Amino acid sequence: MSKYPEQSLKEEWVRSEITDEAVEWTKSFGYFLQQKDKSNPLTTSQIRKFFGELKRIQADPEKYQEEIPMLKAKLAYAVGRDASTRFNRDSRQTELIYSTKIKEFYEELEKGINWIRRGEKGDLIRFVKLVESVVAFHKYYGGK
């Protein structure tokens, strides 16, 4: 079965059908997002801001069609807010450090946003369902 990070979001899950493999992947991705390791878990408020925008677009996709690509910009802004810089003495360079897993969330969901075809309501519906599943598993595994 598909597990994150070995497996990424697949185009066919957005453009054709959500399979058991897709649900297993959302489960592993939701679990990953709430784990504390070198960075803190993704917060519920970070998810909520993106998910609220996504649900608003889903409510009237024809009216908000042009806002679908802008979801990437909203996620990128959240990534930027999460980042801080640190000077690495060994490499003598400044590095970006992320306090949460918002960057990984962005990287995966950006792919899905790119696969939503203009005028294809089914693509948007499937993408929303995949994100809902990630959010549900994030909460199930203890996401705060």
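What you are looking at is a predicted structure, and each value in this text was computed from that prediction instead of being measured.
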Engineer: Check whether V23 and I125 end up in the same hydrophobic cluster, where Ile, Leu, Val, Met, Phe, Trp and Tyr are linked by side-chain heavy atoms less than 4.5 Å apart.
Structural biologist: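 The answer is no; the residues belong to distinct hydrophobic clusters.
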Engineer: Do the side chain of K101 and the main chain of F32 share a donor and acceptor less than 3.5 angstrom apart?
Structural biologist: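 Between the backbone of F32 and the side chain of K101 there is a qualifying donor-acceptor contact (under 3.5 Å).
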Engineer: Drop me the distance from T43's OG1 to F105's CZ, to the nearest 0.5 angstrom.
Structural biologist: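 Here the interatomic distance stands at 10.0 Å.
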Engineer: Please find the pair of heavy atoms, one from Q58 and one from V128, that lie closest to each other, and give the distance.
Structural biologist: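 So the two residues come closest at OE1-CG1, 3.5 Å.
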Engineer: Quick check: closest heavy atoms across P61 and L124, and the distance to 0.1 Å?
Structural biologist: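 In this case the closest contact between P61 and L124 is CB-CD2, 3.7 Å.
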Engineer: Taking all non-hydrogen atoms of both residues into account, name the closest pair between D82 and S99 and its distance.
Structural biologist: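 In this case the closest contact between D82 and S99 is OD1-OG, 2.7 Å.
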Engineer: Could you walk me through whether K55 and E132 pass side-chain contact (heavy atoms from CB on, under 4.5 Å), step by step?
Structural biologist: CA-CA 10 Å; K55 292 300 277 185; E132 282 175 334; 3.1 Å; yes
Engineer: So do E108 and Y4 actually touch side chain to side chain, heavy atoms under 4.5 Å?
Structural biologist: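 Yes, their side chains come closer than 4.5 Å.
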Engineer: Q65 and R117: which non-hydrogen atoms are nearest, and at how many Å?
Structural biologist: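 Where Q65 meets R117 most closely, the heavy atoms are NE2-O, 4.3 Å.
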Engineer: Do K49 and Y77 touch side chain to side chain, with heavy atoms closer than 4.5 Å?
Structural biologist: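 SC-SC contact between K49 and Y77 ruled out.
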Engineer: Within the structure provided, determine whether R118 and E66 are in side-chain contact (heavy-atom separation under 4.5 Å).
Structural biologist: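 The answer is yes, as the side chains (C-beta and beyond) meet within the 4.5 Å cut-off.
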Engineer: Answer yes or no: is there a donor N or O on one side and an acceptor on the other, between the side chain of N88 and the main chain of Q93, under 3.5 Å?
Structural biologist: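 No; judged by distance alone, with no hydrogens or angles, the pair does not exist.
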Engineer: Does a sphere of radius 6.0 Å around NZ in K111 hold more than 12 heavy atoms from other residues, nucleotides or ligands, not counting ones at 6.0 Å or beyond?
Structural biologist: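 Atom NZ in K111 is packed in, count exceeds 12.
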Engineer: Give me the ring orientation class for Y31 and Y141: parallel if the planes are under 30° apart, tilted from 30 to 60°, perpendicular past 60°.
Structural biologist: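 The arrangement is perpendicular - the two ring planes meet at more than 60°.
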Engineer: Side-chain contact, heavy-atom cut-off 4.5 Å: R126 with E12?
Structural biologist: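 They are not in contact (no side-chain heavy atoms under 4.5 Å apart), so the answer is no.
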Engineer: Which of these, L33, L54, L130, I47, sits in a side chain to side chain contact (heavy atoms under 4.5 Å, CB included) with V135?
Structural biologist: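 It is I47; the other options fail the test.
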Engineer: Between OG of S133 and CH2 of W25, what distance do you get to the nearest 0.5 Å?
Structural biologist: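 Here the interatomic distance stands at 9.5 Å.
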Engineer: Return the CG to CD distance between D60 and E67, rounded to the nearest 0.5 Å.
Structural biologist: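 If I round to the nearest 0.5 Å, the distance is 10.5 Å.
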Engineer: Any chance NZ of K72 has more than 12 other-residue heavy atoms, nucleotides or ligands included, within less than 6.0 Å?
Structural biologist: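 More than 12 heavy atoms, drawn from other residues, nucleotides or ligands, come within 6.0 Å of this atom.
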Engineer: Measure the spacing between CD1 of I18 and CH2 of W13 and express it to the nearest 0.5 Å.
Structural biologist: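 If I round to the nearest 0.5 Å, the distance is 10.0 Å.
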Engineer: Hey, mind stepping through W115 and D123 against side-chain contact (heavy atoms from CB on, under 4.5 Å) and telling me if it holds?
Structural biologist: CA-CA 8 Å; W115 294 326; D123 291 357; over 6 Å; no
Engineer: Do T19 and E24 have side-chain heavy atoms sitting under 4.5 Å apart?
Structural biologist: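 SC-SC contact between T19 and E24 ruled out.
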Engineer: Show your reasoning for whether side-chain contact (heavy atoms from CB on, under 4.5 Å) applies to T85 and L96.
Structural biologist: CA-CA 5 Å; T85 57; L96 282 176; 3.8 Å; yes
Engineer: With no hydrogens and no angle check, do the side chains of T100 and N40 hold a donor and an acceptor under 3.5 Å apart?
Structural biologist: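 No, no side-chain donor-acceptor contact under 3.5 Å.
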Engineer: Measuring from L75:CG to E53:CD, what's the distance to the nearest 0.5 Å?
Structural biologist: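 Rounded to the nearest 0.5 Å, the CG-CD separation comes out at 10.0 Å.
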Engineer: Any non-hydrogen side-chain atom of V134 less than 4.5 Å from a side-chain atom of L109?
Structural biologist: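 With C-beta onward as the side chain, the pair stays apart.
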Engineer: Starting at CD1 of I57, measure out to CZ of F127 and round the result to the nearest 0.5 Å.
Structural biologist: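 The CD1 atom of I57 sits 9.5 Å away from the CZ atom of F127.
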Engineer: Taking the side chain as every heavy atom from C-beta outward, state whether E104 and Y98 have any pair of such atoms under 4.5 Å apart.
Structural biologist: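 No, every pair of side-chain atoms sits at 4.5 Å or beyond.
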Engineer: Parallel, tilted or perpendicular: which fits the ring planes of F137 and Y140, with parallel below 30° and perpendicular above 60°?
Structural biologist: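 F137 vs Y140 ring planes: perpendicular.
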